[in-house]
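Note that the structure is predicted; figures quoted are calculated from it, not measured.
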Amino acid sequence: MQNKGGRQLASSLPTTGKITRYKAGDTLISNIRPYFKKIWYAPFEGTCSGDVIVFRANDPSNAPYLHACLRQDSFFDYVMQGAKGTKMPRGDKKQMII
């Protein structure tokens with residue numbers, strides 16, 4: 001959901017295409033139209049769209065800190081600086097991990 005509002009259950013599950021697995025403690029961010037600020041801290045494991053980027057802390061005890069850093073408006077502003085496209089911009093994954 002936009003404006004850091006958490007997540008929404010999928011209305012249908014994909015039958016083809018790529019999915020991404022996430023674990024409890026991961027931070028998920030929508031890569032389509034990053035200005036919507038769609039971010040979620042996963043309390044359990046599951047799967048998500050390939051258009052969602054999963055961030056995982058190297059040390060699980062740092063997962064809440066990583067989420068807090070990524071949740072900042074300044075992170076989303078940074079992502080938009082490298083976004084590609086006009087109608088439905090996507091964040092640059094390489095830029096995000098620097």
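Residue pairs satisfying the side-chain hydrogen bond (donor to acceptor under 3.5 Å, both in side chains) criterion with at least one member in residues 34-55, sequence neighbours excluded, are listed as follows: Lys37-Asp73, Asp51-Arg90.
Rounded to the nearest 0.5 angstrom, Asn3 CG and Phe76 CZ are separated by 9.5 Å. In this structure, the separation between CZ on Phe44 and OH on Tyr22 is 4.5 Å, given to the nearest 0.5 Å. Between the CZ atom of Phe36 and the CD1 atom of Ile29 there is a distance of 15.5 Å, given to the nearest 0.5 Å.
A heavy-atom distance below 4.5 Å is not found between the side chains of Met80 and Phe75. The closest side-chain heavy-atom distance from Met96 to Asn31 is below 4.5 Å.
Remark: Arg56 engages Asp26 in a salt bridge (Lys or Arg N to Asp or Glu O under 4.0 Å) (not counting sequence neighbours). By the salt bridge (Lys or Arg N to Asp or Glu O under 4.0 Å) test, Lys23 pairs with no residue at all, sequence neighbours left out.
Around atom CG of Asp59, more than 12 heavy atoms belonging to other residues, nucleotides or ligands sit under 6.0 Å away.
Between Phe55 and Leu70, the closest heavy-atom pair is CG-CD1, 3.6 Å. The shortest non-hydrogen separation linking Pro89 to Pro34 is O-CD, 3.5 Å. The two residues Ala63 and Gly25 come nearest to each other via the heavy atoms CB-O, 3.2 Å. The two residues Val54 and Cys48 make their nearest non-hydrogen contact at CG2-SG, 4.0 Å.
A donor-acceptor pair under 3.5 Å is absent between the side-chain atoms of Gln95 and the main chain of Gly91, judged by distance alone. In this structure, Lys84 contributes its side chain and Asp92 its backbone to no donor-acceptor pair below 3.5 Å.
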_Candidate pair Ile53 and Leu28, rule side-chain contact (heavy atoms from CB on, under 4.5 Å), full reasoning_ = CA-CA 6 Å; Ile53 298 174; Leu28 284 64; over 6 Å; no
